[in-house]
Each structure stands twice: as structure tokens, then as C-alpha cells.
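Notes for the one structure printed next.
Because only heavy atoms are used, hydrogens play no part in the values below, and waters and symmetry mates are left out as well, while side chains stay in.
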Amino acid sequence: MSNYFNSMMFNPQYVNPNYYSQIQQYNYNMEQNKKVFDAVKATHDLCQAVKDMDEQHQQEAFKACLETLAQEFGW
């Protein structure tokens, strides 16, 4: 059954390649948008975690987070 499905789904004789490409691009964009949302949520969670700290420890946490970002992105 899956071979039949694959041959029909990916066969350009039956599926418009431009339409299939549009679906792939749409799925890619949706996945990237979800990752952006997850990054924003993680940033919000970080801010919530830091709010209960005194100012000195907030600054230390901020510097440590910047250092982690720099290491992750190779700055």
C-alpha cells in the first residue's frame, strides 16, 4: 500500500510539481514560525526566572546568558 501511495504522491504525472513545492514551502515556513514562537517563549521564561533575583544576580545571569549566546553562535 505504501509503495502505491508513494508512487502516486511523488509521480509528476499525477501531482503538479509546483503545487507540491508550494506545500513543502508552506510546511517549512510553518515549522520555522513554530521555532520562532518557541524561542520567544523561552526568552519569556528566562525573564520570569530572573525577576525574583536581586540586581547583582540579574546582571550576572544576563552576562552568563550573553556568554552562552556568544558561544553557541561562535561570536
Side-chain angles (χ1 to χ4, degrees):
M1 175 84 177
S2 67
N3 287 336
Y4 176 75
F5 174 78
N6 287 337
S7 68
M8 295 298 284
M9 184 63 189
F10 301 109
N11 188 338
Q13 180 180 355
Y14 301 107
V15 177
N16 181 342
N18 291 329
Y19 177 70
Y20 182 73
S21 177
Q22 286 177 339
I23 291 172
Q24 293 293 88
Q25 186 63 40
Y26 175 79
N27 288 339
Y28 173 79
N29 286 334
M30 292 300 291
E31 182 179 319
Q32 292 297 301
N33 289 340
K34 183 181 181 321
K35 289 181 179 183
V36 168
F37 177 78
D38 290 344
V40 170
K41 184 180 181 317
T43 303
H44 176 74
D45 292 345
L46 170 67
C47 291
Q48 290 299 316
V50 172
K51 280 186 177 179
D52 292 335
M53 295 180 189
D54 60 38
E55 187 174 342
Q56 178 184 353
H57 288 96
Q58 284 181 351
Q59 290 176 7
E60 289 177 21
F62 180 73
K63 290 175 187 175
C65 289
L66 286 179
E67 183 179 343
T68 300
L69 284 172
Q71 289 175 349
E72 288 291 324
F73 291 107
W75 297 340

Worksheet item: How far apart are the C-alpha atoms of Glu31 and Lys34, what are their side-chain angles, what is the distance that settles it, and do they pass the side chain to side chain contact (heavy atoms under 4.5 Å, CB included) test?
Response: CA-CA 5 Å; Glu31 182 179 319; Lys34 183 181 181 321; 5.8 Å; no
Is it true that atom CD of Gln24 has more than 12 heavy atoms of other residues, nucleotides or ligands lying nearer than 6.0 Å? yes
Interatomic distance, CG@Asp38 vs OG1@Thr43, rounded to 0.5 Å, equals 10.5 Å
Rounding to 0.5 Å, atoms CG (Asp54) and CD (Glu60) come to a distance of 8.0 Å
Asp45 meets the salt bridge (Lys or Arg N to Asp or Glu O under 4.0 Å) criterion, sequence neighbours left out, with Lys41
Kindly determine whether Gln22 and Tyr19 satisfy side chain to side chain contact (heavy atoms under 4.5 Å, CB included), including the steps that lead there. CA-CA 5 Å; Gln22 286 177 339; Tyr19 177 70; 4.1 Å; yes
Checklist entry - Are more than 12 heavy atoms from other residues, nucleotides or ligands located less than 6.0 Å from atom CD of Glu72? => result no
Gln58 and Met53 have their tightest heavy-atom pair at NE2-O, 3.3 Å
